J.: 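Supplied in structure tokens, the structure appears directly below.
Along the sequence shown, the residues carry numbers beginning at 1. Hydrogens, waters and symmetry mates play no part in the numbers below; they use all other heavy atoms, side chains included. Just so you know, these numbers come straight off a predicted model, no measurement behind them.
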Amino acid sequence: MALLAAMVVVPDSSSSDGNSLQPSKKQGYKRISMRNDNKVGRDEIVLRNTEISQQKQQQQDKPLPPLVSALKTSAQQNAATFHFPGHNRGRLAPSSLTNIIGLKPFMHDLPELPELDNLFSPLGPILDAQQQAANLFGALETWFLVGGTTCGIQAAIMATCSPGDYLILPRNSHLSAISAMVLSGAIPKYIIPEYDAEWDIAGGVIPSQVEKAIQELETEGRKPAAVFVTSPTYHGICSNLSKIAQLCHSRGIPVIVDEAHGAHLGFHPHMPKSALQQGADLAVQSTHKVLCSLTQSSMLHMSGNLVDRERVSRCLQTLQSTSPSYLLLASLDAARHQLSENPEAIFDKVLQMTLEAKNAIRGLPGICALDSLIFSKSPAIDPLRLTIGFGQLGLSGYEADEVLYEDHEIICELVGTRSITFALNIGTCREHVERLVSGLRHIVSSATERVVGKADHGVSAPFADFTTSLIPRDAFFKSKRKVSIENCLGEVCGELICPYPPGIPVMIPGETITQSALDYLVDVRSKGAVISGASDPQLSSIVVCNK
């Protein structure tokens, strides 16, 4: 009888399992008494617990991914250990951290033991895990990365470009591409991407731009060593990689794709095709962004025969740590395994929630969602990326973000001068999407008195006007000095300066400092952007190259 009198906690029917994105009147949990004529009886409780136990047993009975299995077996050894790291399998792990995350991460934080394989010459579970990842993603070969996509981009460019070779790339490439040119000695041949001033957002790369850049080099008797494209962009804007790959391959030029934000693409019919599916030779993906590996873990995929795989491996050995984290490596194996179990169905729920959210937002006056009509020359926008503009309310993205965070505890992925970008992923829950829609409704209702039509567009694209005086490598090693921002116009920039995120440089070492670049930096900083890379983040001075 004591059981019948117990109080059971069950999810509120208005919470995340519902089908409507209308905000619930009451979130959280409600208590149901088992004493009364309730809907949850004793037999049902027993049945439910049995079903949960069966599901757990089924998961336990499934074979583990190869690297995960090896890590588990090694951690369970009752061995006398005299190796690194110093916490000795958690025996003296710092309590300040174990009180938060427990001991298990430390117990599995193991070094390169024989049974765990070697990342740089894999013959065992790492090789098996990488081969299974290559099969899933459609690659000829896949490398696991513990230095993030940054490391993969650097390796891809170094593997295709030698000192003095030309690299065609968009001017708004991630700073890792710039550092790769410093490492490789490649000479940039920049493409200016599409740019929409109302959104202050750059789009993708157009095939005709790539063709023009190739032809311009050919008239000079030169051939690019590679073409580098970012697709999708941070805002989810995709480039037509199929056409770019076709025109490059007809000339024997490999195509490298920064696909950091697209590890999930190609696994659902409502998503754009992946870079590999469109013919890319090298694609670097942040497996931790939309998929579920640990932060800092990524994959580099290779296809075709235009790139020397041995050179890729040598570059990765040069760039990656000789003490890689097996937690990161195992998380890549686990994320691959999770996706392979049902690659299409795993995205059904989040795609449906995103669609419902977009439909709800379209009915809100004064705000709008970025769609493919804005960048009509781009074939698609990632359906899991939601970018909202607030210009018609007279709000900057930074102001809107402050309201969402302070009043609703909503944390976005990227804040811009005129928009906010929200990244939905397979771990996104319905209650959070409901809260986002509710928060946007609050912004609209509270900003009604501020409606002033479209906001001032401010300065033009920061990368529309530039002159390269030194290649990035030469500028990096050039002697330098600091000058006040008032006196730096016309000097050759000696540091890489960019608002972060998204990590797109406004000034690159070797470029002549222009008024438009200075105006853009001052403008976005006044609106709340954090300036990264500058030795003086207050921008009172800038490092320049000596003449």
J.: Would you confirm whether Ser419, through its side chain, and Val415, through its main-chain N or O, come within 3.5 Å as a donor-acceptor pair?
T.: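 Checking the backbone N and O of Val415 against the side chain of Ser419, no donor-acceptor pair under 3.5 Å is found.
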
J.: Examine Arg222 relative to Tyr166 and say whether NZ or CZ is less than 6.0 Å from the centre of the six-membered ring and inside a 45° cone about the ring axis.
T.: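 Pair Arg222/Tyr166 does not count as cation-pi.
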
J.: Are the side chains of Ile168 and Phe228 in touch, meaning some heavy atoms are under 4.5 Å apart?
T.: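 No; the side chains remain at least 4.5 Å from each other.
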
J.: Could you give the distance from NZ (Lys289) to CG (Leu384), rounded to the nearest 0.5 Å?
T.: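 Nearest 0.5 Å value for the NZ-CG distance: 14.5 Å.
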
J.: State whether a side-chain donor-acceptor pair under 3.5 Å links Ser303 with Asp281.
T.: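 Their side chains do not contain a donor-acceptor pair, so the 3.5 Å distance test is not met.
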
J.: Would you indicate whether the side-chain heavy atoms of Ile531 and Ile497 approach each other to under 4.5 Å?
T.: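 They are in side-chain contact.
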
J.: Considering non-hydrogen atoms only, spot the tightest contact between Asp165 and Thr160 and give its length.
T.: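 Closest approach of Asp165 to Thr160, heavy atoms only: OD2-O, 4.2 Å.
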
J.: Between the side chains of His174 and Asp258, is a donor N or O closer than 3.5 angstrom to an acceptor N or O?
T.: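 On atom types as modelled, these side chains do not qualify, holding no pair under 3.5 Å.
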
J.: Working note: His268 + Asp348, criterion side-chain hydrogen bond (donor to acceptor under 3.5 Å, both in side chains); need CA distance, chi angles, decisive distance, verdict.
T.: CA-CA 8 Å; His268 194 281; Asp348 284 338; 2.7 Å; yes

J.: Stepwise, does the side chain to side chain contact (heavy atoms under 4.5 Å, CB included) test hold for Gln132 with Arg336?
T.: CA-CA 8 Å; Gln132 291 192 40; Arg336 185 275 314 161; 3.1 Å; yes

J.: For Leu113 versus Ser74, what's the shortest heavy-atom pair and its separation?
T.: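 Of all heavy-atom pairs spanning Leu113 and Ser74, the closest is CD1-OG, 3.3 Å.
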
J.: With a 4.0 Å cut-off, would you call Arg430 and Glu356 a salt bridge?
T.: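 Result for this pair is yes, salt bridge flagged.
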
J.: Taking Asn425 for its side chain and Thr428 for its backbone only, find out whether a donor-acceptor pair lies under 3.5 Å.
T.: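 Pair found, side chain donor or acceptor close to backbone of Thr428.
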
J.: Taking atom types as modelled, is there a side-chain donor on Ser286 or Thr149 under 3.5 Å from an acceptor on the other?
T.: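 Per modelled atom types, Ser286 and Thr149 side chains form a pair under 3.5 Å.
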
J.: Using 4.0 Å as the upper bound for N to carboxylate O, is an ion pair formed by Arg385 and Glu413?
T.: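 Result for this pair is no, no salt bridge flagged.
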
J.: Under a 4.5 Å cut-off applied to non-hydrogen side-chain atoms, are Leu496 and Met507 in contact?
T.: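 SC-SC contact between Leu496 and Met507 ruled out.
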
J.: Do Leu414 and Ile420 touch side chain to side chain, with heavy atoms closer than 4.5 Å?
T.: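 Leu414 vs Ile420: side chains apart.
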
J.: Using side-chain contact (heavy atoms from CB on, under 4.5 Å) as the criterion, point out the one residue from His264, Gln352, His270 that pairs with Phe347.
T.: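 The option that passes is His264.
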
J.: Tell me whether Lys243 at atom NZ has more than 12 heavy atoms from other residues, nucleotides or ligands lying less than 6.0 Å away.
T.: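 Not more than 12 within 6.0 Å, no.
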
J.: How far apart are the closest heavy atoms of Leu370 and His235, and which atoms are they?
T.: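 Looks like CD2-CB, 4.3 Å.
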
J.: So for atom CG, which belongs to Asn305, do other residues, nucleotides or ligands contribute more than 12 heavy atoms lying within a distance under 6.0 Å?
T.: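 Open: at most 12 neighbouring heavy atoms sit under 6.0 Å from CG of Asn305.
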
J.: Of the non-hydrogen atoms in Phe120 and Ser321, which two are nearest, and what is the gap between them?
T.: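 That would be CZ-O, 3.2 Å.
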
J.: For the atom pair CD1 (Ile411) and NE2 (His432), what is the distance rounded to the nearest 0.5 Å?
T.: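 Interatomic distance, Ile411 CD1 to His432 NE2, rounded to 0.5 Å: 9.5 Å.
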
J.: Give me the one residue out of Thr230, Ile201, Val205, Thr387 that meets side-chain contact (heavy atoms from CB on, under 4.5 Å) with Ile237.
T.: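 With Ile237 as partner, Thr230, Ile201, Val205, Thr387 yield a single side-chain contact (heavy atoms from CB on, under 4.5 Å), made by Ile201.
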
J.: Could you go step by step and tell me if Phe267 and Phe137 meet the ring-ring contact (aromatic ring centres under 6.0 Å, His included) rule?
T.: CA-CA 9 Å; Phe267 287 102; Phe137 288 94; 5.4 Å; yes

J.: Could you tell me how the ring of His261 sits relative to the ring of Tyr234: parallel (under 30°), tilted (30 to 60°) or perpendicular (over 60°)?
T.: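 Answer is tilted, since the angle falls between 30° and 60°.
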
J.: Can Gln154 and Ser179 be said to form a side-chain hydrogen bond (donor to acceptor under 3.5 Å, both in side chains), step by step?
T.: CA-CA 7 Å; Gln154 291 170 341; Ser179 63; 2.9 Å; yes

J.: Calculate, to the nearest 0.5 Å, the distance between atoms CD and CD1 belonging to Gln209 and Ile191 respectively.
T.: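 One finds 5.5 Å between CD of Gln209 and CD1 of Ile191.
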
